[in-house]
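Just below is one structure, and these are the notes that go with it.
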Amino acid sequence: MKAVIAVLWLGLAATAWACSVERDASAPSATRIAEPTDVIDQHLMIALGQAKNFHHKAKVYMTDGNLAAAQAAVREILSLRFPRGAAEADDVRNDARALLAKLLMSQRQLDEAMRTVDEGLAQSQRASFFVANLYTVQGEIHEARAAALDASGEPGKAAAIDERHAAIASYDRSIQINAKLQTAIAEDR
Amino acid sequence: MATTEPPERPEPEGDALTGPIPDPDAAPTAAELAHARRFAELVDKTLAGRAPPAISADDRALLEVATVIRATHGSASLAPSRQRQAIDQALRSPAAPGPASTREVPPRRRWRLAPWLVSGASGLVAAAAIALWLRAPAPVGPRRAAPPPEWTSRPADSLVGPIARDHAGDAGARIDALFADRLDGFRARRLARGGTP
């Protein structure tokens with residue numbers, strides 16, 4: 001008789017549990033209108049606003065000739081937190097890397113400039129005009145390296161030629177990306 | 001000394017059951033004596049198990065009364081063979097109340113199945129509820145048309161366009177344009193939603 005009562009209670013408990021348990025909170029509600037997750041929200045606007053302010057800050061430092069402070073302001077942009085999946089994040093960071101590389105080039109820090117560009121290219125999720133711009137800056141860095149090698153005398157001539165070839169390759173890559181994107185945009189319109 | 005005989009009373013009208021009740025000191029009539037003798041013989045035959053197959057209704061009523069009176073006086077008893085038979089039957093029955101109570105088993109068997117039926121039904125209901133919960137498709141909310149592209153996060157390529165080499169470092173100008181464009185979309189969406197972000 002105890003076993004019968006136990007089975008009875010077990011069945012009732014299972015019924016109550018099955019009726020009262022709540023669905024997964026992440027499941028979409030039947031009464032709530034579904035919202036796309038990629039709409040522009042406050043988090044994206046905050047991130048973009050911060051990037052804008054850091055650029056302005058860097059511009060002021062550049063006007064004053066304080067390039068180190070300008071570099072620091074631009075590096076702040078690279079550490080900004082954007083909403084997950086925001087397409088603008090890649091673009092903003094790549095543009096900041098291009099500016100940072102240009103600043104480094106102006107201070108003859110060519111290796112650091114090249115490292116900054118290479119990191120941006122490696123982290124890019126897709127082809128864009130900003131990626132093409134990074135290739136353009138990369139080509140400029142190769143040209144700067146070639147000029148430096150030329151200035152070093154006869155031993156650097158061969159390396160300078162290689163740098164110029166690399167610069168041409170970078171510019172070609174930039175042109176290819178731009179052409180491909182322009183074609184795609186024209187087809188979308 | 002001469003004894004006085006009670007006066008002989010006339011024959012009562014009606015039968016013994018419906019007639020008037022005689023005086024206790026009145027002498028019985030000849031008809032009453034004959035009826036008494038005949039009824040005594042009938043009682044004796046009935047007690048001996050030799051009751052006549054047909055008797056009058058009045059005699060049957062009187063006979064039942066006589067049987068009840070005899071039983072209440074303790075004069076009635078079972079025959080030894082009937083006594084042994086009843087005792088043996090009572091001892092063979094496992095239940096103390098006796099054979100009559102043990103015949104109530106079928107209804108009790110039915111009630112013993114009731115908890116099993118209730119528990120089984122509850123288990124089936126629980127299993128069905130769990131199965132429905134596990135197999136129920138995810139609720140599909142009402143879908144609204146996709147928001148305008150201006151409201152969405154998207155690449156800035158169409159806004160910026162190809163970046164000329166002379167403007168490779170003009171990131172500040174581009175972020176201004178990008179921020180202004182996204183702010184327009186954000187405000188338009190917010191206004192469309194009644195001011196809620």
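In what follows, chains carry the letters A, B, and so on, assigned in the order in which the sequence lines appear, proteins first and then strands, with residues in each chain numbered from 1. These numbers come from the heavy atoms of this one structure, side chains and all, not from hydrogens, waters or symmetry mates.
- Comparing B:Ala168, B:Ala173, B:Ala156, B:Ser153 by how many heavy-atom pairs each has under 4.5 Å with chain A, the most go to B:Ser153.
- Not a single donor-acceptor pair under 3.5 Å links the side chain of A:Asn133 to the backbone N or O of B:Ile163.
- Using modelled atom types, one side-chain atom of B:Asp157 and one backbone atom of A:Phe129 make a donor-acceptor pair closer than 3.5 Å.
- With hydrogens and angles ignored, the 3.5 Å screen pairs no side-chain donor or acceptor of A:Glu88 with any backbone N or O of B:Pro155.
- Note on A:Lys59, A:Lys102, A:Met45: by heavy-atom pairs under 4.5 Å with chain B, the leading option is A:Met45.
- When heavy atoms are compared at a cutoff of 4.5 Å, A:Gln182 approaches chain B solely by way of its side chain, counted from C-beta outward.
- Within the 4.5 Å cutoff, no side-chain heavy atoms of B:Arg189 are placed close to those of A:Ile40.
- Counting heavy atoms from C-beta on, the side chains of A:His56 and B:Ile175 never come closer than 4.5 Å.
- Comparing B:Arg154, B:Arg165, B:Glu150 by heavy-atom pairs within less than 4.5 Å of chain A, the highest count is held by B:Arg165.
- Contacts of A:Ala47 with chain B are absent, with no heavy-atom separation under 4.5 Å from either backbone or side chain.
- In terms of heavy-atom pairs under 4.5 angstrom with chain B, the leader among A:Asp95, A:Asn94, A:Leu48, A:Asp90 is A:Asp95.
- Most heavy-atom pairs under 4.5 Å with chain B: of the set A:Leu103, A:Leu100, A:Leu99, this distinction falls to A:Leu99.
- Residues B:Trp116 and B:Leu124 do not share a hydrophobic cluster, defined by chaining ILVMFWY side chains whose heavy atoms lie under 4.5 Å apart.
- Only the side chain of A:Tyr171 comes within less than 4.5 Å of a heavy atom in chain B; its backbone stays farther off.
- Clustering ILVMFWY residues whenever any of their side-chain heavy atoms sit less than 4.5 angstrom apart, transitively, puts B:Phe179 in a cluster other than the one holding A:Leu78.
- Across B:Ala128, B:Ser158, B:Gly169, B:Gly161, the residue that shares the most heavy-atom pairs under 4.5 angstrom with chain A is B:Gly161.
- Two different hydrophobic clusters hold A:Val74 and A:Leu80 under the rule that ILVMFWY side chains link at heavy-atom gaps under 4.5 Å.
- Annotation: residues 138-149 of chain A contacts chain B through A:Glu140, A:Glu143 [non-hydrogen atoms, separation under 4.5 Å].
- Atom CZ of A:Arg81 sits in a sparse spot, with 12 or fewer heavy atoms from other residues, nucleotides or ligands closer than 6.0 Å.
- In this structure, chain B has a heavy atom under 4.5 Å from the side chain of A:Thr136, while its backbone stays farther away.
- Grouping the Ile, Leu, Val, Met, Phe, Trp and Tyr side chains by contacts below 4.5 angstrom, directly or via other members, places A:Tyr61 apart from A:Leu104.
- By the 4.5 Å heavy-atom criterion applied to side chains, B:Val160 and A:Phe130 are counted as neighbours.
- A chain of hydrophobic side-chain contacts below 4.5 Å, direct or via other Ile, Leu, Val, Met, Phe, Trp or Tyr residues, connects B:Phe186 to A:Val92.
- Chosen from B:Gly185, B:Pro149, B:Gly172, the residue pairing most often with chain A at heavy-atom distances under 4.5 Å is B:Gly172.
- Contacts between A:Ala132 and chain B at a heavy-atom distance below 4.5 Å are absent for every atom of the residue.
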